[in-house]
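One structure below.
Positions are given from 1, in the same order as the sequence printed here.
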Amino acid sequence: MTESSARVAAVIPWHARTVADVEESLATSPHGLTAEEAEARLKRYGSNRIREQPPPRAIVVFLRQFSSTFILILVVAAVVTLALGELLDTALIAVALLLNAVIGFHEERRAADAVQALMQLVVPHCRVVRDGQEWEIDSRDVVPGDVVLLESGSRAPADIRLSAVNSLTIDESLLTGESLPVTKTTMPVQENAAAVDRHSMAFTGTIVANGRGRGYVVATGDDTELGSIAGSIRTEEAGELPLQARMAKFAQIVGVSVFIAAIVAFVSGVLLGESVSQMFRVAVAMAVSAVPEGLPVAMTVTFAIGVTRMARRNAVLRRLPALETLGSTTVVGSDKTGTLTENRMTVQAVWAGGRSYDAHELRGAGPTVEMLLTTGVLTNEADLVKTAEGPVTTGDPTEVALLVAADRAGIDPGELRDRHRIVAEIPFESHRRYSATIREYDGGHAVFVKGAPERIISMCTTMNTDQGPVPFDPERLHTAVRELAARGMRVLGMAYRRLGPEAVRSLTGDDAPPGDYTDPDDLVLVGFQAMMDPPREGVREAIAQCHTAGVRVVMITGDHSITARAIAHRLGILGNPDGRVLTGAEMRHLDDDALRDLVDEVSVYARVSPNDKLRIVRALQDRGHVVAVTGDGVNDAPALRAAAIGVAMGRSGTDVAREASDMVLSDDNFVSIVSAVEEGRIAFANIRKVAFFLISTAVAETAAILVSVWLGWPLLLIPAQILWLNLVTNGVQDMALAFEPGSRDVLKRPPRPRREGILSAMMWERTLLVGIVMAGGALYMFHWQLGRDDSLVAAQSVALTTLVIYNIFQAGNARAENRSLFTITPWGNPFLFWATLGAITLHVSALYFPPTQFVLGVEPISAEAWVRAVVVAVSVLVTVEAHKWVRRRWPLGTSHVHWD
């Protein structure tokens, strides 16, 4: 390629140039490059492969996981507990740290995996023409200017400007989202045409569905459309999960609070006469107790439970924290084909003899409809084979739909074809806009034709009815076609004509060069068949559930705007059948600010490119939305990675999409997304319950110890007792809260406010209130027992027992954010019931078991102390129930959105 030619190519895209211009610019010809020139170009342009960046060293990625505030707090806590000899606490913290590191490590390696998966789409070998001869070469050796040969079933090894086609259709769904194979041509298209409309091109990794073709390689490796997407995946950072932001903020609050409380306790104790060593141990033990090191483990347990439930509902999560993101989602950007629809073309309606019929009315509808269905079978290259498991079909989706429609109406396609043997056929070509077959028919011959309705109508002079052929009004026929197309359906016209021997020879062109056919005319119109990829069962109801839950559903598809609008209206995404649909071509005239202003109004996007989809996701995120995106093709990968959560298709999806996603739907069904949203909300509700329980009890312990120090009393609890309290209650019951079942109306509430933390403002208010009540009760019981027999060990044992009972009641309070505890059955969470029983059993045993008496510095307490401790601890139940009652009537800010 000359330098000037390269400049021209940079200005005028290949798809908009004539074949002759392409040959001149690439200095090539139909005979291909010479071997010497191909070798020189391989050195100049490099291998035809997608560039791979070396990933960072595994140890670097692993150590990077220990950089957050919350994790650093846990690291310090682990070191301190190890120094104090509290090996059980150290082990618990270490498990939390390890799980976090493994999950984070896996996340950072995913981008590299996604790019690597792209390599599976690059063809290992391909056929080219060099030195005028056909060769099979390694696809990595393909260079710009090579002539590549394509045939049915092959993949394009590079981006190719087509120079010759023969009934060539290519499946580009993985790259463009187009649901049907695209008919290719050699004619130039507009310069600004989107990839989905570049009919003169074949793109790397796409599959030839039918026919043959050849063309010139115009781009290889990173310069291809596939390479451009790979670059987007490499540079696009995964969207931050809402839980990550919430946990970071939560960790800062906890970290600062723990540090201040420990310093205050240490300084206060020393100033009031306690020894430095004693107060240092108390401060450290108090800090360790206050840090909710059980929260990461409880989160992991919560996620594991949710993931297991989701797997039973056909959704497989690839990273655990993404589960919570589903509960925070405010917008779902869904692909159409295969997710909202069944991903199979189905005849929905027909028009014959002057009237329309729905698909369920075809059986026994009369000879006119039967002739229409017969024509659909006899102009068809697909196959339908009946098996014990049901019909098995192969071939073009459109032609398969025609066979299935006939079969459901009682016509056996195989028997019909055997009866009317084929004599000749005219294959479909884009310039003809029809295909035809000549078959034996009623002792003679007939030609059967199907194609674009306008083309078929122009070839007909009469219309078939039950009474025989009659003249027709063309405008009436065009109106019928427009009405069917307006419903988002693809319409095919069909016609036939009986032939004499001379007419057969004339049509098949016996005296003409091969492939030179005479267009049939004077045909009898038998009608129109209209088909579409129908919505999946249950999707409309699932979308309605999303709307009830405050989650907006947006359709983002590579399909045509008319089809997208019709499906969106049927599913309830568009309330108005004439609602606005924004196309990729229109988006290219909008800057990011203009698009950002539109995304809250537009619910359907059609004919979009990978970059368009990525821009939509970013615009929604800029508007403050938590966006989940579905996709199955290579074209979806950048958007899947950029979204807060990417959802890939398990059956029809590509490896690229799955590697770039957070969740995979094993049934490719949108309904499963709604189930996942429900599980995500339940998961976050349980995380909040665990956090509320741990923080409220930590506040109580910290406040009680601080106040006892300030009052100049003996130490309320010694370090061993603080750690025991943290282990025997928090370490058991917090895990059990992760098993709480979800509320029945979880999908009847709006998503949580994005800026709301792990605990809402109302929950922080309740946390402080509970902390004050529990601390006050523990101090009262300590002072009461100390005044009774002046035994510090007895007083500390009573205070410790009071806090244990408080924590048991508080675990019950944490089960519901807004509902009364007394409306919830204890058996609703059997894990918590047995954990509570186990906690109190452990503590009672510790009070009476000599070794634990010695280690913890405790002794058995009197029956009166037990009764008084239980009565005092009931105060936390009364307090929380009163607070729930007040806040149900007078909500605090946004906390009226409850997540029980």
Side-chain angles (χ1 to χ4, degrees), residues 81 84-93 95 281 285-286 288-289 293-294 297-298 301 690 693-694 697-698 700-701 704-705 715-739 774 777-778 781-782 784-786 788-789 791-814 826-827 829-874 876-877:
T81 53
L84 292 174
E86 303 296 336
L87 299 182
L88 194 55
D89 262 22
T90 303
L92 185 64
I93 299 171
V95 168
R281 289 175 60 83
M286 188 177 70
V288 171
S289 179
E293 71 274 4
V297 178
V301 172
V690 173
F693 171 69
L694 291 175
T697 54
E701 296 165 26
I705 293 170
L715 285 177
L716 184 77
L717 299 174
I718 62 174
Q721 292 168 349
I722 296 173
L723 294 172
W724 171 255
L725 179 63
N726 195 37
L727 172 65
V728 74
T729 56
N730 296 4
V732 178
Q733 294 170 99
D734 59 348
M735 296 298 172
L737 285 170
F739 290 86
M774 290 176 63
M781 289 299 296
F782 178 79
W784 170 79
Q785 183 65 40
L786 193 63
R788 187 180 181 201
D789 56 14
S791 169
L792 179 58
V793 172
Q796 290 173 334
S797 300
V798 168
L800 177 62
T801 301
T802 302
L803 285 171
V804 168
I805 299 172
Y806 262 133
N807 287 358
I808 289 171
F809 288 154
Q810 180 59 3
N813 286 332
W827 296 107
N829 184 352
F831 298 97
L832 181 61
F833 178 85
W834 292 110
T836 300
L837 188 61
I840 193 66
T841 301
L842 280 173
H843 182 66
V844 171
S845 300
L847 292 177
Y848 289 90
F849 188 47
T852 52
Q853 288 177 340
F854 173 76
V855 172
L856 299 178
V858 295
E859 62 182 35
I861 63 175
S862 66
E864 181 184 359
W866 273 108
V867 172
R868 190 179 290 264
V870 171
V871 172
V872 168
V874 168
V876 77
L877 291 177

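Here the shortest heavy-atom pairing between Ile861 and Tyr848 reads O-OH, 4.1 Å. When every heavy atom of Gln853 is checked against every heavy atom of Glu859, the shortest pair comes out as NE2-CA, 4.4 Å. Residues Ala794 and Asp789 come closest through the heavy atom pair CB-OD2, 4.0 Å. Between Arg788 and Ser862, the shortest heavy-atom distance links the atoms NH1-OG, 3.3 Å. Between Pro826 and Phe833, the shortest heavy-atom contact is O-CB, 4.2 Å. Heavy-atom minimum distance, Val793 versus Gly857: CG1-O, 3.5 Å.
Separating the OG1 atom in Thr801 from the CD atom in Gln721 is a distance of 9.5 Å, to the nearest 0.5 Å. Residue Phe739 holds its CZ atom at 11.0 Å from CG of Leu832, rounded to the nearest 0.5 Å. A distance of 12.5 Å separates CD1 in Ile805 from OG1 in Thr836, rounded to the nearest 0.5 Å.
Ring geometry for Trp866 versus His843: interplanar angle over 60°, hence perpendicular rather than tilted (30 to 60°).
Using a 4.5 Å heavy-atom cutoff, the side chains of Val858 and Gln796 are not in contact. By the 4.5 Å heavy-atom criterion applied to side chains, Asn807 and Glu701 are counted as neighbours. By the 4.5 Å heavy-atom criterion applied to side chains, Phe809 and Val874 are counted as neighbours.
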* Residue pair Phe782, Leu792: steps toward the side chain to side chain contact (heavy atoms under 4.5 Å, CB included) verdict -> CA-CA 9 Å; Phe782 178 79; Leu792 179 58; 3.8 Å; yes
* Could you walk me through whether Thr852 and Trp724 pass the side chain to side chain contact (heavy atoms under 4.5 Å, CB included) test, one step at a time? => CA-CA 10 Å; Thr852 52; Trp724 171 255; 5.7 Å; no
* Asked: Where do Leu803 and Leu717 land on the side chain to side chain contact (heavy atoms under 4.5 Å, CB included) test, with the steps shown first?
  -> CA-CA 11 Å; Leu803 285 171; Leu717 299 174; 3.9 Å; yes
* **side chain to side chain contact (heavy atoms under 4.5 Å, CB included) assessment of Leu800 paired with Leu847** => CA-CA 10 Å; Leu800 177 62; Leu847 292 177; 5.6 Å; no
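A donor and an acceptor atom, one from each side chain of Gln810 and Asn813, are located under 3.5 Å apart. At a cut-off of 3.5 Å, with distance as the only test, no side-chain donor of Arg868 or Thr802 sits close to an acceptor on the other residue.
A donor-acceptor pair under 3.5 Å is formed between the side chain of Asn829 and the backbone N or O of Ala736. Tyr806 places a side-chain N or O within donor-acceptor distance of the main-chain N or O of Val872, the cut-off being under 3.5 Å.
Around atom CZ of Phe831, no more than 12 heavy atoms belonging to other residues, nucleotides or ligands sit under 6.0 Å away.
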